[in-house]
Number of protein chains: 2
Amino acid sequence: MIQLSLIEARELAESILLHNGFNLAHAQAVAATVIAGERDGCASHGLYRVLGCVNSLRAGKVSATAEPQVIDQAPSIVRVDAGGGFSQLAFQAGLPLLAQKTRANGIAALAINHCVHFSALWVEIEQLTAEGLVALACNPSHAWVAPAGGRVPVFGTNPIAFGWPRGEQDPFVFDFATSAIARGDIELHRRAGKAIPEGWGVDAQGQPTTDANVVLDSGAMLTFGGHKGSALAAMVELIAGPLIGDLTSAESLAYDAGSKSSPYHGELIIALDPRRFLGDSTQEHLARAEALFQGIEGQGARLPSQRRYAARARSVVEGVQIPEALYNDLKALLT
Amino acid sequence: MIQLSLIEARELAESILLHNGFNLAHAQAVAATVIAGERDGCASHGLYRVLGCVNSLRAGKVSATAEPQVIDQAPSIVRVDAGGGFSQLAFQAGLPLLAQKTRANGIAALAINHCVHFSALWVEIEQLTAEGLVALACNPSHAWVAPAGGRVPVFGTNPIAFGWPRGEQDPFVFDFATSAIARGDIELHRRAGKAIPEGWGVDAQGQPTTDANVVLDSGAMLTFGGHKGSALAAMVELIAGPLIGDLTSAESLAYDAGSKSSPYHGELIIALDPRRFLGDSTQEHLARAEALFQGIEGQGARLPSQRRYAARARSVVEGVQIPEALYNDLKALLT
């Protein structure tokens, strides 16, 4: 393993992205996201993703210099046209107006269009909870997941993320795929020649299967939670697809045309301001939310994201470790 | 079975509610909801609920005459103080201002406070899709459900409902509890002396159990979908509880103090106007949503609510049938 301080890790990511053609704004925004993932122990969303960013650029599937265009769409709607760039800079560009509209009106939405997307949503959610706002975000991906009772993929892994501010404490944040499992986990089972558990996927006839090859090549992944998870996946398609004038997961996969790049689509973020709902009694009611959290933790159950926050506390002090092979692959992108 | 036309069924419900002390506005609003349930084949949310409404009134747990107070809380927030009455009249009172704010601003929220709640959320969702709006609604209930990894109930059955307008067609609507199963289903198993499936509940030590008595008396129900469903249940507690200054499920159960009345709490509804997101291209993008629905139905999978809509089509022509024992219990409330 190679040991890196968080500053070293960020400089490595930024320098690779710059060297390969991303402008400074995109390189900094993308590097901040992958370092947040690496820092929080999410290696699958960490420095490893820099390889994919460069691949997407070389495949012509992402703009290295797109300037996000912020559009004041309606009193409570911000739109940002990412212009085919990665989502990070578009989110940054839209955040101030989203926060302003949310504080002014109580609830507001940010629709990001035409972005290339690979990051976890909690990175964005935490930027809203840091502003004292409640936030909900979701996006489609590539159509890999069948609806409940079906066999043909129409949904993406369609994550839903939510955040609740907790003052000086780490926010309450969850961020999960509406698929039963990440596609990467099924790919790991295939490489290892291992059977997958029931409930992860079906074959081309819609029958349960434990064969990773069948799920990935001719069948479909399943949603979590049966028809309820399937309903949520459909909701994500609708509100982060047609509602904001952007691609569904099926359309995103068609656009990809086999290049195996990151999905190209939109994203919807909804923010709510507790102070506009609660006025002078805001603190009293936020304290009642703390009682709920104590009711969960007090019985030994975990709040979502606790493992991530523990990793963060360690990484800030100790830095991060990445496999030497990954380090060498990254370094090779600097030559 | 007793056969009733929809008009007869509505007159029966209204006359019972009026005879037992509800004013005309509440009687009409509640009757409309229970008839919608009966019409759509949801007997558990149908005429049967009139018995519970009268019981709640006799137990002093609901106001028969409360006037909902509509408060223009913020440019995109409507609040309605239900004053301890049933939720239906409060929703009706807030709907016009919610629709107006949503059309003006693109997204808006309706927070209903201090309402007694027993109805399915799809009844309200359909009133928003009928206005051409996208809608999301949720509420806590009584604390019966343990968090993932826990054993002590802190969540209610916490339903989430969503609707998407489809022009002249029935809207895309789902409405599900975030608990693995309705509490009533576990009670039915107890009465029948039948074991419940694994995954519905745990005992007082948090261990899986198939004993309905244990789950209902000393253990806890579980959420659907493991830690993901548990995260969603927590979100519902937060955004339809402290965010709107109303009770969590634990607080609602404490307020009930063993009377077994309907939960008393708040409800959050979020509405979004596709026309404000999409402008002149609204129809084009709504047509892309139809392609998603065809992708689901075309492979033989069902859209949520299809069974309900089929029952509705029958009931409108043929009326409804209710068990004679229920009919007699209802008639007894008129004397």
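Sequence lines set the chain letters: A, B, ... in the order given, protein chains first and strands last, and positions in each chain run from 1. Here the structure is a predicted model, which is why all the values come from computation and not from measurement.
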**Message:** For A:Ala180, which atoms come within 4.5 Å of any heavy atom of chain B: side chain, backbone, both, or neither?
**Reply:** backbone
**Asked** Contact part of B:Ile244 toward chain A, heavy-atom cut-off under 4.5 Å: side chain, backbone, both or neither?
**Response** both
**Item:** Residue selection (most heavy-atom pairs with chain A, distance under 4.5 Å) from B:Ala143, B:Ser249, B:Ala231
**Value:** B:Ala231
**Request:** Under 4.5 Å, counting heavy-atom pairs only, tell me which of B:Ala301, B:Pro242, B:Ala250, B:Ala234 racks up the most with chain A.
**Result:** B:Pro242
**Asked** In terms of heavy-atom pairs under 4.5 Å, which option from B:Gly279, B:Pro304, B:Gly295, B:Ala289 contacts chain A the most?
**Response** B:Ala289
**Request:** Tell me, for A:Ala104 versus chain B, whether the close heavy atoms (under 4.5 Å) come from the side chain, the backbone, both or neither.
**Result:** backbone
**Item:** Short side-chain to backbone donor-acceptor contact, A:Asn158 and A:Gly156, under 3.5 Å
**Value:** yes
**Message:** Treating B:Gln299 as the side-chain partner and A:Gly150 as the backbone partner, does any N or O pair qualify as donor plus acceptor under 3.5 Å?
**Reply:** no
**Request:** Look at the side chain of A:Ser179 and the backbone N and O of A:Ala182, then say whether any donor-acceptor pair between them is shorter than 3.5 Å.
**Result:** no
**Prompt:** Are B:Glu126 and B:Arg308 ion-paired here, with the side-chain N under 4.0 Å from a carboxylate O?
**Reply:** yes
**Request:** Heavy-atom distances under 4.5 Å only: say whether A:Val134 touches chain B with side chain, backbone, both or neither.
**Result:** side chain
**Prompt:** Would you say B:Phe155 and B:Trp144 make side-chain contact, with heavy atoms under 4.5 Å?
**Reply:** no
**Asked** Which region of B:Ser281, side chain (C-beta onward) or backbone (N, CA, C, O), has a non-hydrogen atom less than 4.5 Å from a non-hydrogen atom of chain A, or is it both or neither?
**Response** neither
**Request:** Flag the one option from B:Leu286, B:Leu303, B:Asp246 with the top tally of heavy-atom pairs under 4.5 Å to chain A.
**Result:** B:Asp246
**Request:** Show the numbers, then the answer: is there a side-chain contact (heavy atoms from CB on, under 4.5 Å) between B:Val215 and B:Ile196?
**Result:** CA-CA 10 Å; B:Val215 171; B:Ile196 56 172; 3.7 Å; yes
**Prompt:** Checking A:Leu268 against chain B: side chain, backbone, both or neither under 4.5 Å from a heavy atom?
**Reply:** side chain
**Request:** Taking only Lys NZ, Arg NE, NH1 and NH2, and the carboxylate oxygens of Asp or Glu, determine whether A:Asp203 and A:Arg151 approach each other closer than 4.0 Å.
**Result:** no
**Contacting region of A:Glu284 [heavy-atom separation from chain B under 4.5 Å]** = neither
**Request:** Using a cut-off of under 4.5 Å on heavy-atom pairs, state which of B:Asp273, B:Val152, B:Val154 scores highest against chain A.
**Result:** B:Val152
**Request:** Compare all side-chain heavy atoms of A:Pro153 with those of A:Met221 and state whether any distance is below 4.5 angstrom.
**Result:** no
**Request:** Flag the one option from A:Met235, A:Arg79, A:Lys101 with the top tally of heavy-atom pairs under 4.5 Å to chain B.
**Result:** A:Met235
**Asked** Using 30° and 60° as the class limits, which term best fits the ring planes of A:Phe172 and A:Phe174: parallel, tilted or perpendicular?
**Response** perpendicular
**Item:** Residue A:Ala148 versus chain B: region with a heavy atom under 4.5 Å
**Value:** backbone
**Message:** Please rank B:Ala111, B:Gly149, B:Gly229 by heavy-atom pairs under 4.5 Å with chain A and give me the top one.
**Reply:** B:Gly149
**Item:** Which atoms of A:Leu232 approach chain B - backbone, side chain, both or neither, heavy atom under 4.5 Å
**Value:** both
**Request:** Tell me, out of A:Arg302, A:Glu251, A:His227, A:Glu237, who's got the most heavy-atom pairs with chain B below 4.5 Å.
**Result:** A:Glu251
**Message:** Between B:Arg166 and B:Glu290, does any NZ, NE, NH1 or NH2 come within less than 4.0 Å of an OD or OE carboxylate oxygen?
**Reply:** yes
**Prompt:** Taking B:Glu124 as the fixed residue, which of B:Ile269, B:Asp175, B:Leu110 is the one that meets the side chain to side chain contact (heavy atoms under 4.5 Å, CB included) rule?
**Reply:** B:Ile269
**Complete:** If you tally heavy-atom pairs under 4.5 Å between each of A:Lys228, A:His285, A:Arg288 and chain B, the highest tally belongs to A:Lys228
**Request:** Mark yes when over 12 heavy atoms from residues, nucleotides or ligands other than B:Asp72 sit less than 6.0 Å from its CG; otherwise mark no.
**Result:** yes
**Prompt:** Tell me, side chain or backbone of A:Ile107 under 4.5 Å from chain B's heavy atoms, or both, or neither?
**Reply:** both
